[in-house]
Amino acid sequence: MQIQEKKVPHLVILPLPFQGHINPMLQLGSLLHSKGFSITVIHTQTNSPNPANFPNFNFEPIPDGLSDGQASTEDPLTVVSILNDTCQVPFNDTLSRLVSDGPHGPVTCIINDELFHFTKAVADHLKLPRILLCTSSPTCSSIMLSLTLLQQTGAISITEGQPNTLIPEIPPLRIKDIPDFSTTDPDTFERLAENILNAIKSALAYIMNGFDDLDPTALEKVREDRHPTPLFTVGPLYKFSPGASNSLITQDHSCMAWLDKQPPQSVIYISFGSVASIDKTELEEIAWGLANSDQPFLWVVRPGSINGDDWVELPEGFEEKTREKGRIIKWAPQQEVLAHPSVGGFWTHNGWNSTLESICEGVPMLCSPYLWDQNVTARYVSHVWRVGIQLENGFDRSEIEWAIRRLMVEIEGKEMRERVGCLKEIATRSVAKGGSSYESLQSLIDLIMSL
Ligand code: UDX
């Protein structure tokens, strides 16, 4: 699957500067580089990737107008709106320079995060084709399409009904699982959503980070909706490009030696990704739930993730009780951790990258979704793929203790481990020669090469 031509096609990639978006975009860039493409990353100064991790890429920073810390303190959708306004001119300037006299040859195509709709105007002006990467789940995208239709026809109103009420048209989702993208400024959000949809319709291609057999119905629905823009399912991207992630926080690799000393499938790994935060009471409930479960644990407490605190103050007596059993770190090498034979469960917020990583390493989940697509994903994990248990009442130490035991030691957990093991095999087959993602990647490469 290597490019034969002498001329090296040059791709410009533009990630959205959040951890859950940077990783898949750089994984895609690494994958295409391994197939012979030259890669330039145009990136915001905020949360910029580390060029040392990608010595074969060319990096071009652009100013983004965000003040220090604004990316982590503002509502993320507001940040996306701001960036769509502030990045257009510097992106246009940088790309114009690359197009006319770049050292890496003429630009063949742009690949950007789908939430950056401003690239449409720039690409149209420079007459460059544009490919979009969607970093959230195909399942959630398809649910959003169904919801729009149901609301347009007046079939349901998600503002009515109790949170636990099932929505018959989109089982097994309940009112409370519907993604909430509301912001402090609904007009801004509506404009943003409209611009993103318009930009999708005229793209050359649309890439999703998933694999066909996980939710074929959802993919079909998204494919129909994106038509005539072709959809390429090229995931799990991290399986094609292991080690191509770019952590914004330093990963603590010392936990790997600790994992080596734990019994097989005994450790529950806990991490709620790069955006979710909890308050001190929730921290306390989590801590005692873990301690009382008596199960070995590896717990990521990200700096800044406890509301109102720079770092964690653990409840009195917790460290003493768990010294032999647990380990707390600021940020993990997550993909390696999930692949470690000692890890038997993942307590996650169900960000799409984390969920895919858990499925592809065959690790069943405890689900505590936080926002956006995560509720839908958690519900699918627990009720469709049946590879996890959702905590339904926030963070309550007794529920946590019981759920951890169900996942880690009870027969129920064993059955989930078997089911997720089957999904792992399907995912592994999809990226191997002849698999659906492998073939989809080949078609994507053919399309770019035809430009
Ligand atoms: C966000 C949203 O939460 C998610 O729902 C959306 O689909 C993408 O953007 P985030 O919250 O960061 O992302 O979660 P997730 O999608 O799971 O991405 C986190 C990434 O950080 C993963 O690739 C994971 O491997 C990595 N990670 C996480 C680490 O490297 N170390 C950690 O300790 C935790």
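Because the structure is a prediction, the values reported are computed rather than measured. Remember, it's 1-based here, ligands and their atoms both numbered in the order they're listed.
Counting heavy atoms closer than 4.0 Å to ligand 1, residue Ser271 contributes side-chain atoms (C-beta onward) but none from N, CA, C or O. Heavy atoms of Tyr269 found under 4.0 angstrom from ligand 1 belong exclusively to the side chain.
The stretch residues 370-393 participates, sequence neighbours left out, in these salt bridge (charged side-chain N to carboxylate O under 4.0 Å, His left out) pairs: Arg174-Glu392, Lys176-Glu392, Asp177-Arg379.
For atom 12 (O) of ligand 1, the nearest non-hydrogen atom of the protein is Ser274 OG, 2.4 Å. Distance from atom 20 (C) of ligand 1 to its nearest protein heavy atom, with residue and atom name: Asn23 ND2, 3.8 Å. Of all protein heavy atoms, the one closest to atom 21 (O) of ligand 1 is Gln19 CG, 3.6 Å. Given atom 1 (C) of ligand 1, the protein heavy atom at minimum distance is Gly20 CA, 4.3 Å.
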Would Glu194 and Arg191 count as a salt bridge (Lys or Arg N to Asp or Glu O under 4.0 Å) here? Give the steps. CA-CA 5 Å; Glu194 204 176 300; Arg191 247 192 336 272; over 6 Å; no
Evaluate the salt bridge (Lys or Arg N to Asp or Glu O under 4.0 Å) criterion for residues Lys239 and Glu357: first the C-alpha distance (whole Å), next the side-chain angles of each, then the deciding distance (0.1 Å), finally the verdict. CA-CA 9 Å; Lys239 278 291 176 191; Glu357 288 159 10; over 6 Å; no
Decide side chain to side chain contact (heavy atoms under 4.5 Å, CB included) for Lys325 and Leu290; before the verdict, give the C-alpha distance in whole Å, the side-chain angles of both, and the deciding distance to 0.1 Å. CA-CA 10 Å; Lys325 286 262 174 184; Leu290 282 172; over 6 Å; no
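Taking a 6.0 Å sphere around CD of Gln45, one finds it holds more than 12 heavy atoms contributed by other residues, nucleotides or ligands.
With rounding to the nearest 0.5 angstrom, the CG atom of Asn353 is 6.5 Å from the CG atom of Asn209.
When the options Gln334, Arg302, His349 are ranked by their closest heavy atom to atom 28 (C) of ligand 1, first place goes to Gln334. Counting only non-hydrogen atoms, the option in Asn353, Leu237, Thr355 that gets closest to atom 15 (P) of ligand 1 is Asn353. Summarising the contacts of atom 29 (C) of ligand 1 with Gly351, Ala332, Ala276, Gly273, the nearest heavy atom is found in Ala332. Here atom 25 (O) of ligand 1 lies nearest to Glu357 when heavy atoms of Gln374, Glu357, Gln27, Gln335 are compared.
Using a 4.0 Å cut-off to heavy atoms of Val300, the atoms of ligand 1 that qualify are 33 (O). The Gln251 neighbourhood of ligand 1 comprises atoms 30 (O), with distances under 4.0 Å to a heavy atom of that residue. For ligand 1, the atoms lying closer than 4.0 Å to a non-hydrogen atom of Ser354 are 15 (P), 17 (O).
Classification of the His43-Phe59 ring pair by plane angle, with boundaries at 30° and 60°, yields perpendicular.
Between Gln19 and Asn23, the side chains place a donor N or O and an acceptor N or O closer than 3.5 Å (distance only, hydrogens not considered). Under the 3.5 Å distance criterion, with hydrogens and angles disregarded, a donor-acceptor pair is assigned to the side chains of Ser247 and Trp331. Using modelled atom types, one finds a donor on one side chain and an acceptor on the other under 3.5 Å when comparing Trp347 with Ser368.
In terms of polar-atom proximity, defined here as any N/O pair under 3.5 Å, Trp372 makes no such contact with ligand 1. Between Asp373 and ligand 1, an N or O atom pair is found at a separation short of 3.5 Å.
Residue contact annotation: Trp331 has a non-hydrogen atom under 4.0 Å from ligand 1.
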